[in-house]
Amino acid sequence: MQRLSAHYAAATLFSFGEAIQKAVAAHPGTEIRAEGDSYMCVCPTVSAALELGSRLLQTPLRGDHDGAVSIACGLVTESGDSPAHSLVEAAHLGALAPAGAMLVSDDVRRLAPTSELAYQRARTAERDTGSQGRVWLTVPPGPRVRTVASSRWGTPTLVGAGAAIGLVVVVALAGAWLVQRGANGAVGHLPPGPWTIAAQLPLSGAREPLGETLVNAVQMAIDDTNAQGGVDGQVIKLEVEDEGASSDTYLATASIDDFVADDSVLAVIGPLQSPHGVVDIPPTNAAGLLMCSPSNTNPGLTKPRDGALDLRSANPDRINYVRLITSDDIQGPAAAAFVYQSPTTGIPNAGIPDTRGLGIKQVLVVDDTSVGGRQVADAFQAAFQARGGTTERRAVNPGTSDYTDIVSPLADTSEGAWAVYYAGDSAPAASLKHVMFLDGYHSVPFVSWDGLYDGTGTDSGSFINLAGPAAANTFITQASIAPTKADFSQRYQETFGADPNPYAAAAYACTQVAIGAIQHAADQAIAAPALRDAVRAYAVDPANKVETSLGTVAFDVNGDSASQYVNLYATDMGANNGAGDWLYLDEQDFGPAP
C-alpha cells in the first residue's frame, strides 16, 4: 500500500468485495458479518466454511492483475460472554494467513475429520494465536504466490495480505493488491478519478426515442465494464446531455462546452446528427477530447477535401473525432457499382453491388443543388465514369415545377438503356418519378441514396407515399454500420425488452473504443493532466484495433471507420396492401474510405 497508493487500496477492495459477495451468495446460510480490508463470512457448518474457503482460493480477482487471496478458518460460538472477543481472535488468525493459502484452526480441523483436505503444521503461525491453539495449512496451498518489483527498502513485496471472517466458522480472507504493468515493465495505474464518459444525444424532439435507445446502449457498455471491476479498479461514470433537434444546434453547443470544461470527461459518445458534429468538433479538437459518433454521415466532418480541416483549425493534424457509420460520399461509388455491374446469369436483375447489378452503362445524374446532394452525385458520377460508363448531368433547381427538360436525355436510346441517379430530398424525387412515369420512362431504373429512405407508403410525406405507383423500380443505398453481433442484440433485448437498432450497437461499440483507450492509458500510467489526450491519441491511431459489438473496429487517418458498409434496398409496391415499402436486398463493405 505504501508503494501503490490509496487508489490501489480502493481498487483492491472493489474487486475483492465483488468476488466475496458472489461466492457467499452461492453458499446458502452463509452471511457477511464485517467487511473492509477483510471480510468475516459466517458459515453454518465447518464443512461449508472449508468449501467456501477452498473456492475463494481459486477465484481470480477482476482485471489483468497479479495477486492472491488468503483464507483462515476458525471456530467462533454465538453463545458465551464474549462473542466479539472470538471475532477478534479470528481476525488475528486471519492476519497470519499467508497469501495464496488457507489456514485452519486446530478446532476446525478436528471437527471436519472427513474433509478431503490435507493439512500440514503452519510454521507461520507458531506465535501465540490465543484460544485458537495450533493452526494448520491446507495442502495444496492454493494459487502460487507471485512477487512484484522490489520496494524502496529493497525487499520483494508479496502480492497478498491477511484478513478475517466468521459465525460457527470464521473464514479469514485477504485481498491481493492489484498490480498492472505499463510500458517497459513499469507498474501502471489510472490516476484517482472520478472519470466520466459523456454522451451527447437527442433527449427531446422527434428523435428522442432514438436518443433514448442509444443512451441505453452507452449505459449498458459502462455497466458491463463496471461489473468487471471498472477500469483499473475504478468505476466509470456516465453523463448525458441533450443535443436537441437537427435544425437547432444551441443545445449541442452548450452541452459540448460543458463536457470540454469538465476535466473528468475523457470521451464523448455522439452526436447523433451531423449538424451537431459541425459545432462539436472545433472545441473538442482544441481540448484534445475524443468524440465517437455512431451515426454522423457528413463527409465534411472527417475528409480534408470536404472541409474537415476548417473544423479542426486549432490543431489540424490532431484527429479527435471518429465515427463508426459510413460517410455519405461512399453511397455514390456503391450505387455506381450496382448500376454498372452486369447481372449474374440466372439471378434477378437486382441485388448485391459488384455481384448482381443493373448492367447499365449510361446514367442521367440529377442532384437537388444542396451541398449534400451535389457531393453524393459527384461521387457517383466520378465512380461510374471510372468504371467506363457515360453520364449526363442535370439539376433540380429550387422552385422547379417542370421536370420534362430534366428527363429529356432519356429519349436518346442510341447508346442503349438508361438509368437515373438522383441525389436530393424526397419531394423533388417523387415529382421526378411522376414525370418519368407519365412520359413513358417507368421502366427506367431510378437509383438514389438514403435521403429517400424516409418511411413506407403509409407514412405521409415519404418518398413512396408521394410518388405512389410511380415509386416502382426504385433502388436506394444507405450509409450503414458493420453487422451487429448476435450476443449484443440478445443482451440488449433481455435488458431493455426491445430489439436494438444498428445505431445502438454502434453507440455501444463507441463506448468500448473509449473504454479500451482509457484502459490503455491506465496501463501506461499516464498522469491525470495528460490523460484526456492520451485517450484520444490511442483511440484514433490507425494501428490500434478494438473488438466491439460490431466486430473489429479501427479508424483511418481521418477518423473514418476502416469498414464502410452500404445497404441496398428496392421498392416493393405489393407490400402494405399495395401502398409499398422498402425491401432489403443486401449489405456490402466498400472500405476503406476513399
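One-based numbering along the sequence shown. Being a predicted model, the structure only gives us computed values, none of them experimental.
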>> Between Thr458 and Asn576, do the side chains contain a donor N or O and an acceptor N or O under 3.5 Å apart?
In response: no

> Would Glu415 and Thr390 count as having a side-chain donor-acceptor pair, cut-off 3.5 Å?
Replying inline: no

>> Determine whether a donor-acceptor pair (N or O, by modelled atom type, separation under 3.5 Å) exists between the side chain of Asn296 and the backbone of Pro271.
In response: yes

> With distance as the sole test, does Arg374 use its side chain to make a donor-acceptor pair with the main-chain N or O of Thr369 at under 3.5 Å?
Replying inline: yes

>> Quick one, Tyr453 with Phe463, criterion side-chain contact (heavy atoms from CB on, under 4.5 Å). Give me CA distance, side-chain angles, the key distance, then yes/no.
In response: CA-CA 8 Å; Tyr453 192 60; Phe463 165 76; over 6 Å; no

> In this structure, are over 12 heavy atoms from other groups packed under 6.0 Å from Asn577 atom CG?
Replying inline: no

> Within a radius of less than 6.0 Å around NZ of Lys361, do more than 12 heavy atoms belonging to other residues, nucleotides or ligands occur?
Replying inline: yes

>> Which heavy atom of Ala504 sits nearest to which heavy atom of Pro500, and what is that distance?
In response: CB-CB, 3.9 Å

> What's the verdict on side-chain contact (heavy atoms from CB on, under 4.5 Å) for Tyr584 and Asn567, showing C-alpha distance, side-chain angles and the deciding distance?
Replying inline: CA-CA 8 Å; Tyr584 171 80; Asn567 289 338; 3.9 Å; yes

> Any donor and acceptor pair, going by atom type alone, linking the side chain of Gln331 with main-chain N or O of Asp450 inside 3.5 Å?
Replying inline: yes

> Is there side-chain contact between Val553 and Lys545, with heavy atoms separated by less than 4.5 Å?
Replying inline: no

> Charged N to carboxylate O below 4.0 Å: is that the case for Lys303 and Asp556?
Replying inline: no

> Are Pro483 and Tyr565 side-chain neighbours, meaning at least one heavy-atom pair lies under 4.5 Å?
Replying inline: yes

> Just by distance, do the side chain of Asn226 and the backbone of Val235 share a donor-acceptor pair under 3.5 Å?
Replying inline: no

> Side chain of Asp581, backbone of Asp572: donor and acceptor closer than 3.5 Å?
Replying inline: no

> Going from CE on Met291 to NE2 on His276, what distance comes out if it is rounded to the nearest 0.5 angstrom?
Replying inline: 11.0 Å

> Would you call Leu190 and Ile518 a side-chain contact if the rule is heavy atoms closer than 4.5 Å?
Replying inline: yes

> Any luck finding a side-chain donor-acceptor pair between Asp224 and Tyr508 under 3.5 Å?
Replying inline: yes

> Do you know which two heavy atoms are closest between Pro428 and Tyr403, and how far apart they sit?
Replying inline: CA-OH, 3.7 Å

> Roughly how far apart are Ile319 CD1 and Leu290 CG, rounded to 0.5 Å?
Replying inline: 11.5 Å

>> Is any side-chain heavy atom of Arg318 closer than 4.5 Å to one of Val540?
In response: no

> So, Gln234 side chain and Gly193 main chain: donor-acceptor pair closer than 3.5 Å or not?
Replying inline: yes

>> Among Thr474, Leu466, Val444, Thr571, exactly one meets side-chain contact (heavy atoms from CB on, under 4.5 Å) together with Lys433. Which residue is that?
In response: Thr474

> Taking the side chain as C-beta and beyond, is there a heavy-atom pair between Ile481 and Glu587 under 4.5 Å?
Replying inline: no

> With respect to Asp328, which candidate in Thr477, Thr297, Asn298 satisfies the side chain to side chain donor-acceptor pair (under 3.5 Å) definition?
Replying inline: Thr297

>> Pair Ser264, Thr196 - check side-chain hydrogen bond (donor to acceptor under 3.5 Å, both in side chains), show working.
In response: CA-CA 5 Å; Ser264 76; Thr196 303; 3.2 Å; yes

> Nearest 0.5 Å, what's the CG-CG distance between Leu364 and Leu410?
Replying inline: 5.5 Å

> Is any side-chain heavy atom of Tyr321 less than 4.5 Å from a side-chain heavy atom of Arg312?
Replying inline: no

> Phe380 vs Phe384 aromatic rings, parallel, tilted or perpendicular, using cut-offs 30° and 60°?
Replying inline: parallel

> Ignoring hydrogens and geometry, is there a side-chain-to-backbone donor-acceptor pair from Glu243 to Leu272 under 3.5 Å?
Replying inline: yes

> Atom CG of Asp405 and atom OG of Ser408: how far apart are they, to the nearest 0.5 Å?
Replying inline: 4.5 Å

> Is there side-chain contact between Ser293 and Ile325, with heavy atoms separated by less than 4.5 Å?
Replying inline: no

>> Looking at Thr456, is its backbone amide N or carbonyl O close enough to the side chain of Trp582 to form a donor-acceptor pair, meaning the two atoms are under 3.5 Å apart?
In response: no

>> Do Asn544 and His520 have side chains that approach each other closer than 4.5 Å (heavy atoms only, starting at C-beta)?
In response: no

>> With side-chain contact (heavy atoms from CB on, under 4.5 Å) as the criterion, how do Ile269 and Ile197 come out once you've worked through the C-alpha distance, each side chain's angles and the decisive distance to 0.1 Å?
In response: CA-CA 7 Å; Ile269 311 304; Ile197 291 176; 3.8 Å; yes

>> If the threshold is 4.0 Å, N to carboxylate O, is there a salt bridge linking Glu392 and Arg394?
In response: yes

> Once you round to the nearest 0.5 Å, how far does CG of Leu358 lie from CZ of Phe338?
Replying inline: 3.5 Å

> Donor-acceptor pair, Thr249 side chain versus Ala252 backbone, under 3.5 Å?
Replying inline: no

>> For Thr511 and Ile515: C-alpha separation, side-chain torsions, deciding distance, then whether side-chain contact (heavy atoms from CB on, under 4.5 Å) applies.
In response: CA-CA 6 Å; Thr511 313; Ile515 290 171; 3.9 Å; yes

> Closest approach of Ser563 and Thr326, non-hydrogen atoms and distance?
Replying inline: O-OG1, 4.4 Å

> Of all heavy-atom pairs between Ile360 and Ala419, which one has the smallest distance, and what is that distance?
Replying inline: CG2-N, 3.7 Å

> What heavy-atom pair brings Pro316 and Leu309 nearest, and what distance separates the two atoms?
Replying inline: O-CD2, 3.9 Å

> What's the spacing between Glu241 CD and Phe259 CZ if we round to 0.5 Å?
Replying inline: 4.5 Å

> Judged by modelled atom types alone, do Asn216 and Glu212 share a side-chain donor-acceptor pair under 3.5 Å?
Replying inline: no

>> Tell me whether Asn501 contacts the main-chain N or O of Tyr503 through its side chain, where contact means a donor paired with an acceptor under 3.5 Å.
In response: yes

>> For Pro294 versus Cys510, what's the shortest heavy-atom pair and its separation?
In response: N-SG, 4.1 Å

